[in-house]
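Here's the structure we're looking at; comments come further down.
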Protein chains: 2
Amino acid sequence: MLTIGTLSKKTGTKVQTIRYYEQIGLMPEPGRTEGGQRRYDNAQLDRLSFIRHSRQLGFSLDAIRELLDLSDHPNRPCDEADAIARRQLKQVEQRMDRLKALRTELKRMVHECSGGRTGDCKVLEVLRDHSECLTEHEEIGA
Amino acid sequence: MLTIGTLSKKTGTKVQTIRYYEQIGLMPEPGRTEGGQRRYDNAQLDRLSFIRHSRQLGFSLDAIRELLDLSDHPNRPCDEADAIARRQLKQVEQRMDRLKALRTELKRMVHECSGGRTGDCKVLEVLRDHSECLTEHEEIGA
DNA sequence: CTTGAACCTCTAGCAGCTAGAGGATGTATC
DNA sequence: GATACATCCTCTAGCTGCTAGAGGTTCAAG
């Protein structure tokens with residue numbers, strides 16, 4: 001019987017976060033002591049580890065919900081899990097591409113700054129005028 | 001005299017977002033018609049473009065606030081603007097590193113999935129057991 | 001039996017918007 | 001001048017994924 005604090009330490013998840021996962025139905029409601037404190041078993045520890053690990057790989061809570069669901073039904077074909085992972089991979093690659101463009105632009109900005117007055121600062125100039133950009137970049141909401 | 005809708009179209013910013021920027025003090029309060037509708041001038045259009053462009057480059061609203069402030073004082077040395085851009089560049093590079101590790105892991109997951117049942121799906125298996133990971137990855141909150 | 005760490009619930013906050021309700025204004029056309 | 005209708009207004013609440021704090025209770029060790 002594990003307390004929420006133990007679970008927290010074992011998985012590196014904040015206590016509040018565990019309760020949050022329960023609230024949104026990602027973690028099941030655990031048993032309680034007479035006094036009303038949560039007590040977990042190993043299955044729940046595994047589930048939380050799964051969630052955390054998936055989060056580290058960048059999956060959204062919705063995606064994780066699906067993955068958990070698939071994981072709970074070992075006889076279903078695993079195409080879906082595969083598709084979710086592929087989707088995630090694609091997203092990661094897209095984000096990387098965008099970041100690459102940003103890096104190029106930022107490097108150029110920083111490089112060209114000659115250390116004078118803000119009035120002729122290249123950094124600010126570039127920000128003022130998009131047309132100076134050599135690469136395409138659209139980061140917002142990434 | 002530009003309406004908020006015109007500003008919106010010219011900068012690719014949602015009307016609501018412009019009002020939000022005003023609310024948090026990033027955009028100045030514009031003039032109003034007798035009826036109370038906002039009317040902008042070109043200086044304000046430039047300012048919004050600056051903000052948007054900075055957002056596209058991934059700067060936080062706080063960073064943008066600083067950059068705008070610097071931009072408003074052309075006689076100050078531009079070290080600060082430079083420092084902000086460097087900071088941003090560093091962040092972008094860190095995010096790229098993390099994404100690279102994630103991509104490796106995701107690729108491996110997807111690659112090893114043989115298309116059977118979820119019960120022996122490699123994707124789910126990897127998520128279940130962090131120790132199978134070949135690379136370090138810590139993405140959460142990135 | 002007392003102490004004190006860990007637990008409980010509840011509310012509100014973070015970034016950076018976005019959406020919708022419910023109503024007023026501005027402009028073009030007749 | 002009337003009408004139509006796109007656009008504007010304010011206000012509130014929602015999104016993701018947590019995180020922090022107030023104010024109070026429970027558990028386990030000594």
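Labels below follow one simple rule: chain letters A, B, ... track the order of the sequence lines, proteins then strands, and each chain is numbered from 1. Side chains included, hydrogens not; waters and symmetry mates left out as well; all remaining heavy atoms used.
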**Prompt:** Looking only at side-chain N and O atoms, does A:T33 come under 4.0 Å of OP1 or OP2 in C:dC7?
**Reply:** no
**Message:** Using whole Å, what does the distance between atom C1' of nucleotide D:dT10 and atom CD1 of B:I18 come to?
**Reply:** 16 Å
**Prompt:** When you measure from the side chain of A:D41 to the backbone N and O of A:Q44, does any donor-acceptor pair fall under 3.5 Å?
**Reply:** yes
**Request:** Quick one: label B:I4 by what it contacts on the DNA or RNA (base, sugar-phosphate, nothing), any heavy atom closer than 4.0 Å.
**Result:** sugar-phosphate
**Between C1' of D:dC9 and OH of B:Y40, the distance in whole Å** = 12 Å
**Asked** Between D:dC8 atom P and B:E34 atom CD, what is the distance in whole Å?
**Response** 18 Å
**Asked** If you pin A:T17 and A:Q37 to their nearest nucleotides in DNA chain D, which one's is more 5'?
**Response** A:T17
**Request:** Respond yes when some side-chain nitrogen or oxygen of B:T3 is under 4.0 Å from OP1 or OP2 of D:dC8, and no when none is.
**Result:** yes
**Request:** Kindly write out the residues that satisfy side-chain hydrogen bond (donor to acceptor under 3.5 Å, both in side chains) with A:S54, not counting sequence neighbours, or none if the list is empty.
**Result:** none
**Prompt:** In the 5'-to-3' direction, what one-character label does each nucleotide of nucleotides 9-16 of chain C receive under the scheme B = base within less than 4.0 Å of a protein heavy atom, S = sugar-phosphate only, - = no such atom?
**Reply:** B------B
**Residue-phosphate contact under 4.0 Å: A:K14 side-chain N/O, D:dG17 OP1/OP2** = no
**Asked** Is a donor on one side and an acceptor on the other found under 3.5 Å between the side chain of B:R117 and the backbone of B:C121?
**Response** no
**Message:** Assigning hydrophobic clusters by single linkage (Ile, Leu, Val, Met, Phe, Trp, Tyr; side-chain heavy-atom cutoff under 4.5 Å), is B:V110 placed with B:L127?
**Reply:** no
**Asked** Quick one: CG on B:L124 to CD on A:E80, what's the gap to the nearest 0.5 Å?
**Response** 10.5 Å
**Request:** Take atom CD of A:E22 and atom P of C:dC7, then tell me their distance rounded to the nearest Å.
**Result:** 14 Å
**Request:** Would you tell me whether B:Y21 and B:R52 have side-chain atoms, one donor and one acceptor, within less than 3.5 Å of each other?
**Result:** yes
